[in-house]
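Following: one structure in structure tokens, then a few remarks.
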Amino acid sequence: MKEAGVHAGLAVIIVGDDPASRVYVNNKKKMCADIGILSEEYALPAETTQEELLNLVRTLNDKKDIHGILVQLPLPKHIDEKTVLNTIVPEKDVDAFHPVNVGKIMIGDFDFLPCTPAGIMELIAESGIDLEGKNCVVVGRSNIVGKPMAMLLLHKNATVTICHSKTRNLKEICKTADVLVAAVGRAQMITDEYVKEGAVVIDVGMNRLENKKLVGDVDFDSVAPHTSAITPVPGGVGPMTIVTLMKNTVTAAKKANNM
Ligand code: GUN
């Protein structure tokens, strides 16, 4: 791309001072720098109005050297997330949160990969795990992880179950999983009682304990001995999310330059 004079560019917008978001944004900028993607950070105060944020997004939509726009979530309560995400042009929506891109993922014909689920699919593929016909259980139904995760597993011909806060017999359902994906947001809630012997366990959680220790949704120490493969927190899924973001930014830059 350099030889063709194309330099991929990513704009990252962060509103307010959520400490976890700050860490995520710094990690994203760092990987951009490591691999030669231009990154621009727009750090806005928590009092920013929705209209001000929308105006920034519209400006970036038109900016030629920016190929990807990422608005770090969550946004302050007075800003409507959906309105903001829908304002990013789908061609620059490297998080794949715009309804057009979400719809494309549903159909299986997509340009941008959903970042965390696609990172997980890469971990699974690189580990030589075949998903065809496997029982995959996804705990969590968020638009960012749970729902697109289920869709990508389905595209690989897995049998997929989505569980959530109203699911009955959660333990029993999790115990049927050949591949268990925990994306709940509750520290260490998945203990060995939820896991079948030899299962693959993917931990999407990022929770801080009172003693500041960063842990996942899986109780790693009790679960790990029973698995054939498991991802740690930190260092498992998190970095893969950013890898996918980088891929999407490169894809966007190529498309914008007819490459
Ligand atoms: N907040 C938590 N995860 C994500 C993500 O993947 N993208 C954005 N933009 N915000 C997030």
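- A distance of 9.5 Å separates NE2 of His155 from CG of Asp109, quoted to the nearest 0.5 Å.
- Phe97 is not listed as a side-chain neighbour of Val71, based on a closest heavy-atom distance of 4.5 Å or more.
- Of all the heavy atoms in Met151 and Ile105, the pair that sits closest is CG-O, 3.9 Å.
- Ile69 pairs with exactly one of Leu10, Ile13, Val12 by the side-chain contact (heavy atoms from CB on, under 4.5 Å) rule, that one being Ile13.
- Side-chain N or O atoms of Lys92 include one that pairs as donor or acceptor with a backbone N or O of Leu60 at under 3.5 Å.
- Clustering ILVMFWY residues whenever any of their side-chain heavy atoms sit less than 4.5 angstrom apart, transitively, puts Leu56 in a cluster other than the one holding Val89.
- Closest of all the heavy-atom pairs between Met189 and Tyr194 is O-CE1, 3.5 Å.
- Pro148 has its side chain out of reach of Val102: every pair of non-hydrogen atoms, C-beta onward, lies at least 4.5 Å apart.
- Panel note: side chain His226, backbone Glu197; no donor-acceptor pair is recorded below 3.5 Å.
- Here the options are Asp130, Val181, Ile202, the test is side-chain contact (heavy atoms from CB on, under 4.5 Å), and the partner is Ile124; only Ile202 passes.
- Summarising the local packing, NZ of Lys29 is surrounded by more than 12 heavy atoms from other residues, nucleotides or ligands at distances under 6.0 Å.
- The two atoms that bring His98 and Leu85 nearest to each other are CD2-O, 3.7 Å, heavy atoms only.
- Atom NZ in Lys175 sits 8.0 Å away from atom CD in Glu193 (nearest 0.5 Å).
- Exactly one of Glu122, Met149, Lys147 qualifies for a side-chain contact (heavy atoms from CB on, under 4.5 Å) with Pro117. That residue is Met149.
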Apply side chain to side chain contact (heavy atoms under 4.5 Å, CB included) to Lys104 and Phe112, showing your working.
-> CA-CA 9 Å; Lys104 286 183 165 191; Phe112 294 130; over 6 Å; no
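- Formation of a donor-acceptor pair under 3.5 Å by the Ser222 side chain with backbone atoms of Asp192 is found in this model.
- Judged by distance alone, the side chain of Gln50 and the main-chain N or O of Asp80 form a donor-acceptor pair under 3.5 Å.
- Within a 6.0 Å radius of CE in Met1, other residues, nucleotides and ligands contribute more than 12 heavy atoms.
- Heavy atoms only, all atoms of each residue included: Thr249 and His67 are closest at O-CB, 4.4 Å.
- Criterion: ILVMFWY side-chain heavy atoms under 4.5 Å apart, direct or through other members. Under it, Val6 and Ile35 are part of a common hydrophobic cluster.
- Atom NZ of Lys212 sits about 9.0 Å away from atom CD of Glu210, to the nearest 0.5 Å.
- In this structure, the side chains of Pro239 and Ile242 stay at 4.5 Å or more apart for every pair of heavy atoms.
- Residues Met121 and Leu153 have side chains in contact (heavy-atom distance under 4.5 Å, counting atoms from C-beta outward).
- Counting heavy-atom neighbours within 6.0 Å of Lys196 NZ, excluding the residue itself, gives a total above 12.
- Side chains of Arg58 and Asn61: no donor on one and acceptor on the other come within 3.5 Å.
- Taken to the nearest 0.5 Å, the CG atom of Leu70 stands 4.5 Å off from the NZ atom of Lys28.
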Give the intermediate values and the outcome of side chain to side chain contact (heavy atoms under 4.5 Å, CB included) for residues Asp95 and Ile88.
-> CA-CA 10 Å; Asp95 259 326; Ile88 300 172; over 6 Å; no
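- The CG atom of Asn248 lies 9.5 Å from the CE atom of Met246; values are rounded to the nearest 0.5 Å.
- One N or O on the side chain of Asn211 and one on the backbone of Lys213 form a donor-acceptor pair closer than 3.5 Å.
- When the side chains of ILVMFWY residues are joined at heavy-atom separations under 4.5 Å, either directly or via intervening members, Val145 and Met206 end up in two distinct hydrophobic clusters.
- Residues Pro90 and Asn101 approach most closely at O-ND2, 3.2 Å, considering heavy atoms.
- With 3.5 Å as the limit, one finds a donor-acceptor pair spanning the side chains of Asn207 and Asp217.
- Using modelled atom types, one side-chain atom of His7 and one backbone atom of Gly36 make a donor-acceptor pair closer than 3.5 Å.
- Contact annotation: the side chain of Asp221 never approaches that of Gln188 to less than 4.5 Å [non-hydrogen atoms, C-beta and beyond].
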Mind running side chain to side chain contact (heavy atoms under 4.5 Å, CB included) on Met240 and Glu126 for me, showing each step along the way?
-> CA-CA 12 Å; Met240 295 305 294; Glu126 286 288 323; over 6 Å; no
Just do the side chain to side chain contact (heavy atoms under 4.5 Å, CB included) check on Ile230 and Phe220 with the steps written out, would you?
-> CA-CA 8 Å; Ile230 183 167; Phe220 190 91; 3.8 Å; yes
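- Closest approach of Ala253 to Asn257, counting heavy atoms only: O-ND2, 2.8 Å.
- A salt bridge does not link Asp17 to Arg22: none of the charged side-chain nitrogens sits closer than 4.0 Å to a carboxylate oxygen.
- Linking ILVMFWY side-chain heavy atoms closer than 4.5 Å, directly or via other members, places Ile173 and Ile162 in two distinct hydrophobic clusters.
- With salt bridges taken as basic N to acidic carboxylate O contacts below 4.0 Å, none links Lys30 and Glu41.
- In the hydrophobic cluster analysis, where Ile, Leu, Val, Met, Phe, Trp and Tyr join through side-chain heavy atoms closer than 4.5 angstrom, Ile144 is grouped apart from Tyr24.
- Interatomic distance, His164 NE2 to Ser142 OG, rounded to the nearest 0.5 Å: 12.5 Å.
- For the pair Thr49 (side chain) and Glu52 (backbone), a donor-acceptor distance under 3.5 Å is present.
- Using a distance-only test at 3.5 Å, with no hydrogens or angles considered, a donor-acceptor pair links the side chain of Asp203 to the main chain of Val218.
- Between the side chain of Asp18 and the main chain of Ser21, a donor-acceptor pair closer than 3.5 Å is present.
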